[in-house]
Structure formats: C-alpha cells, structure tokens
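One structure is given here, and the rest of the page talks about it.
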Amino acid sequence: MRFAISFLVQCLFSRLLLVFLLLTLPIGAATSQAAWEKKAAHPPMNFILVRSLLCQENCPEWISAEGRITSDTPARLRKILKKIGGRKLPVVFRSEGGDVDAAYAMGRMIRKAGLETAVGGTRLKDCPVGDTRCQAAIAKDGSAVGYTYSSGAYCFSACPLALAGGVSRVSSQWALIGVHQITTIYNKVRVSYRIEYKIVNGKKKEISRKEVGRKVAGQSSSTKLGKKATAALTAYLKETGVSEDVIGLMMSATPDNINIVPATEALRTGLITDMLSYNEWPGMPLCAPDALAEAVCHSHPVVEAPVVAKAPVSQASVQDAAAETSEKLPKTRPMDFLLMSNGNCQEECTQWISADGDITPDTPARLKAMLTTLGERKLPIVLQSSGGDMDAAFAMGRMIRAAGLETSIGRTQLPNCPKLDPRCKPSIAKSGPTEGEVFAGRAYCLSSCTLVLMSGTPRIVGYSSIGLVRPTTVEYTRFFAYFDEMGLSAETYETMMFATSIERGTILRSQALKLGIINGIIPYDEEPGLHVCGPEAKESLRCPRKAEAEIVPVAASVN
C-alpha cells in the first residue's frame, strides 16, 4: 500500500503543471507633458518644405515644423532631412510641445545636420486666415510657397529642447518661448502569462513563460525628476550648449502652466543665440561674415565709419571719413544732446536725452552741460553713434555712471524733419524738451560708443546694432582699467576680440549680454527711453514708474 501511494505521488508531480498568473506591473515610464497638450485641438507635428514668396529668384527656403511633438515625430523629421539632402535649411518651430524623448531625438538630428532653428509660424500662399497651412497649398511632393511671422508664434514645453538643437537659434521680441516641469507618466498594465513548471527532485522549476494577454490597469504620474531623467536632461543641455539654469526655469512652473522665458534669459542661458531685428524674419539663414548687403540673411555685418582720431577734428573731416566708408550710414556730425519728450502722448509724457553723432574731444563738456541743466533728474540717455574719440568716451561713461543714468540705443526722429535730417533745427524747441519719437530699429552704437553704453545702470537695447572696438597697444592699460571701473570682464572681452581678425565689428546681443556690455533687453512693446516716466509724470497705468529689476519682463506663468 505504501508503495502504491508513493508511486502515485511521483506520477502526479512528474506531470507538467500549467499555471496562469496575473501580474500587475508598471510598464514603460513615458516622458510626456501636461494633459492640455494631448487635446485633439493640437494635431501631431508635420513638416513642410517652404519657399519664400517675397522674392523672384534665389529665394530662401525653410522647414516649417508645426504641431504637437509625438513619439513618431523624429521619424517624420528624418524623412524630410533625407529629402533635402545636404542643404542647410533652417527649421522654423511653432509648437505647444509634447514628448520630451522625441524632442531630444529631433534636436540631435538637427545638430548633426548642422541646421539653424527659429521660433515662428508659417503662412502658405492663398490659405485662409483660420488655416494658415491649408492642405490645398501643399504640393504633392510636400513643398509649398509662403512666408513666416513672429508675432504670436510660440515654442512651449518640449519644443525649446528641439529648438536647442540648432547650430544657431533665433527668436524675436514678438514670439514666445516657454518651459515647464516634465511629467513622467507610469502606465499600470495587468499582464497574463502562461507559465509551465516541472517538478524535479521535489522542486518546482519554470521551463517556459509566454504572455497571453494584457489590460490597462490605471496610470500614475510624477513631476519629480528622477536620477535617470535628470541625467538625460543635463546631458542633452550640455550637448547643445544650453545652461543648466534652464532646469530651474522648468521646475518653477507646474505642468499645467508655462514659464515664459524673457529674451534676456533666453539669450543668457543659450536657448537662443540671437534675436531677430525688426526687418528680419524666422527662416532667414545666418549671414556669413562676408555677406553682401543685399544678401537675404539675418545679423548682417554692419559697415562702420572709422574711429575718429584722438586729435581734435573738424566736423567736415568726420563727414568725409564716413562718406568714404559707407553710404549706408547718414552723414556724421559731432554728437549733440537734446532733451526729448514723447510726441505721441497728451500728458504724463516720457522724457529722455537723445545723444546723436560722433564722439569728439569736446563731447564730454556738452554732456556735462546737459546734466548740469537737468540737475538731479535721472533721465535715460539714448545713444546713436558710429563712435569717435576713445578718451572722450571714457569721460562720458564715468559721468553717466556717477549720475546713475540708464543707457540704451535708439534713433530719435523729430516731427516735420526729413529722413536725411532727422534732427532739423526748425523742429528743435528753443526752451524745454523737444517733442519727438524714438525707435530701436536701424539704430546703432558702434566702436567707442559701446564704451559709453556700458556705463549705464541699467544698460538695455532693443533690435539695434552694437559695435565692438579693439584697443591699440598704447590704449590697453586705460581700456581695461575702464572695464574694471564698469564692473565688466576685460578678460572675456579680450578673448573674444582676439578670436577675430577685425579691429571693429558688430556683436550679437547674446555676446553683449555675456560680456556685460548690456544687462537687459527692451520689451517688445516698448522703445528706447520710453519706459521711464518724465520727472513731472504722475503715477498711472499708462506711464508706470518701473524699478530697475522690472525693465526686462520676469518669467510669468500663464495657462
């Protein structure tokens, strides 16, 4: 009997056991963004090869990238990059964001291809206002004709990560760049397996496992960056040359909100490398150093008038020198100073000091006379100059710093004056402020004018040209001593200057910020000198008195 029982037990446990187990496992931690990005109102990103309709021949082309970034967006981008071959066409983004891992992949593909990126929207030819990329305007080969715009364009959430892949990356004061926290979504899935065991020597041994079904069992999410996500983000920012400070900007906004990154921060952190001027548009390629004046590109090299000699010079000699150098700049004259009042207001008008012309040895005396007339009134000084006497620029800068005045760049236009003579004498008030307007567009502060600009507290610019000057050997000691006085890094400046072979040239606003020549960008809806109220102005919504820290808009969360 004992033998029979023993034999039966052995037979039973020698059989193959079929076991079905239900296991609840977290499958595929998916890195995504806020729930609002997944709405059907935001279609997946697609790419269109667009040619500018604003020209007749040799027209610029760009890749228009608009829509939500999804997991299959990199494959679509790879397809269009293969189509354009080795051509270096800018990628113009307008996107609410999406999948972070896909944005990483896109940025790396763009960087490997050596392409530029920009923030902007695209309107295709003959498309209605409500459907700017209508299907009817796209040819069978995926190409179209159209133009780009900045106003209202945006690059949010994961989009700035793709934007960062550009070898150069630009935006304008009318476009928006926004970041927020990364949300990691964990999908819980109930998985059914068929597992076969075999009992060998009294022990259960698994011999096969096969999945036979799975069912979604819920989700969980987290906005905390784990070690793996942090490492991936940090490595990507390092690859693209973007500061890790961007992580702080991202974490300061919840996934349901957006931190709008001010232009200053975008430039400082490297999210963009420059800002487009008023007459430049997204999709324009970056100008080569030797680009012709008529070339369709952004950041044109500006032809400058030569630095005025240190010895006293006559007005005629300065004008002759400028005329020989460039027909683009107006005829030069010694710098003069006008007390200006905004001509487009009824009351509580803003005021500024317009400083326009070449810096000559007697310019500091003129500035001192103006400041003496104003007494303790702290009005901004708006500069437009091709440069001039370096020692005079040092003296002006020290006066401005001692008075605690703001500096910026702008061209002042008096009413009823012709364009070639924007400061015509009949329009200058005999007493008190002269009414007029001021604009950043086409304004410039070149050569030693930059030394005056850097003395401001604060010193801010819009879409104007900033110049650069390299000191001669005999000027070195005084030049860098002045930098120390202004609290700027002379070492950084010297390194950058000697990386070029030019004696004078223009620099990008991002470079000017890095060097400390400027410390702010004028908001897109303002002009130089107009954001500070005149001394007689009352507090009002139309003419607020802004603190220094408020000159550049701070990051703000918006839904």
Side-chain angles (χ1 to χ4, degrees), residues 29-48 63-77 91-111 117-122 132-133 150 152-166 169-171 175-185 219 221-225 229-230 232-234 236-237 239-240 242 245-262 265-266 269-272 282 555-559:
T31 307
S32 67
Q33 301 298 323
W36 57 269
E37 292 176 356
K38 300 178 181 179
K39 294 179 181 178
H42 301 297
M45 179 174 284
N46 66 347
F47 301 92
I48 304 173
I63 299 169
S64 173
E66 298 195 17
R68 180 167 49 89
I69 299 172
T70 63
S71 58
D72 61 350
T73 304
R76 296 182 183 181
L77 176 59
V91 181
V92 180
F93 283 104
R94 180 175 177 269
S95 171
E96 65 277 3
D99 189 288
V100 171
D101 291 331
Y104 290 156
M106 293 168 64
R108 289 184 172 112
M109 283 169 19
I110 290 170
R111 180 60 61 94
T117 55
V119 180
T122 298
T132 56
R133 289 157 58 90
S150 287
Y154 52 85
C155 182
F156 289 163
S157 187
C159 176
L161 297 175
L163 179 79
R169 37 204 183 267
V170 295
S171 183
L176 300 173
I177 297 176
V179 297
H180 63 180
Q181 290 177 349
I182 295 175
T183 300
T184 303
I185 305 296
Q219 280 187 344
S221 64
S222 174
T223 57
K224 292 183 179 180
L225 280 179
T230 301
L233 177 57
T234 302
Y236 181 78
L237 295 177
E239 284 179 50
T240 54
V242 177
D245 291 348
V246 169
I247 299 177
L249 294 174
M250 294 171 67
M251 299 305 292
S252 62
T254 65
D256 294 326
N257 293 291
I258 287 289
N259 243 2
I260 302 301
V261 183
E265 279 296 283
T269 58
L271 279 176
I272 60 174
S557 294
V558 296
N559 290 327

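This is a predicted model, so every value here is computed, not measured. Note that the numbering runs from 1 along the sequence shown for the chain.
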Would you say the side-chain atoms of His180 pair up with the backbone N or O of Ala253, donor to acceptor, closer than 3.5 Å? no

Rounding to 0.5 Å, atoms CD1 (Ile258) and CD1 (Ile177) come to a distance of 12.0 Å

Closest non-hydrogen contact found for Val242 with Ala164 is CG2-CB, 3.8 Å

Which atom names give the shortest non-hydrogen contact between Ala158 and Ala103, and what distance separates them? O-CB, 3.5 Å

Tell me, do Arg108 and Pro74 make a side-chain contact under 4.5 Å, heavy atoms counted? no

Arg111 meets the salt bridge (charged side-chain N to carboxylate O under 4.0 Å, His left out) criterion, sequence neighbours left out, with none

Does one side chain, of Ser71 or Asp99, offer a donor that lies under 3.5 Å from an acceptor on the other? no

Between CD1 of Ile69 and OG of Ser95, what distance do you get to the nearest 0.5 Å? 4.5 Å

Worked check of side chain to side chain contact (heavy atoms under 4.5 Å, CB included) between Ile272 and Val170: CA-CA 5 Å; Ile272 60 174; Val170 295; 5.8 Å; no

Measuring from atom CG of Leu237 to atom CG of Leu161, what distance do you get when rounded to the nearest 0.5 angstrom? 7.0 Å

Please report the shortest heavy-atom distance between Leu233 and Met250, naming the atom on each side. CD2-SD, 4.1 Å

Please test Met45 against Met106 for side chain to side chain contact (heavy atoms under 4.5 Å, CB included), starting from the C-alpha separation and ending with a verdict. CA-CA 12 Å; Met45 179 174 284; Met106 293 168 64; 3.7 Å; yes

Which heavy atom in Leu163 sits nearest to a heavy atom in Cys155, and how many Å separate them? CB-SG, 4.2 Å

List the residues meeting side-chain hydrogen bond (donor to acceptor under 3.5 Å, both in side chains) with Ser64, not counting sequence neighbours, and say none if there are none. Thr122, Arg133

Are Leu249 and Glu265 packed together at the side-chain level, in the sense that at least one heavy-atom pair is separated by less than 4.5 angstrom? yes

Pair Ile260-Phe156, side chain to side chain contact (heavy atoms under 4.5 Å, CB included): steps then yes or no: CA-CA 8 Å; Ile260 302 301; Phe156 289 163; 3.8 Å; yes

Those residues that, when tested against Ala175, pass side chain to side chain contact (heavy atoms under 4.5 Å, CB included) (two or more places apart): Val119, Ala153, Ser171, Ser172

For Tyr236, enumerate each residue passing the ring-ring contact (aromatic ring centres under 6.0 Å, His included) test, keeping only those at least two apart in sequence or located in another chain. Tyr104

Of the non-hydrogen atoms in Thr117 and Ala162, which two are nearest, and what is the gap between them? CG2-O, 4.5 Å

Could you walk me through whether Ser157 and Glu96 satisfy the side chain to side chain contact (heavy atoms under 4.5 Å, CB included) test, starting with their C-alpha distance in whole Å, then the side-chain angles of each, then the deciding distance to 0.1 Å, before giving a yes or no? CA-CA 6 Å; Ser157 187; Glu96 65 277 3; over 6 Å; no

So which atom in Leu271 and which in Arg169 form the shortest heavy-atom distance, rounded to 0.1 Å? O-CD, 3.2 Å

Point-to-point distance, once rounded to the nearest 0.5 Å, from CZ of Arg94 to OH of Tyr154: 4.0 Å

With sequence neighbours left out, what residues match Thr70 under side-chain hydrogen bond (donor to acceptor under 3.5 Å, both in side chains)? Asp72, Thr73

Find the distance between CG (Asn46) and CD1 (Ile48) and round it off to the nearest 0.5 Å. 5.0 Å

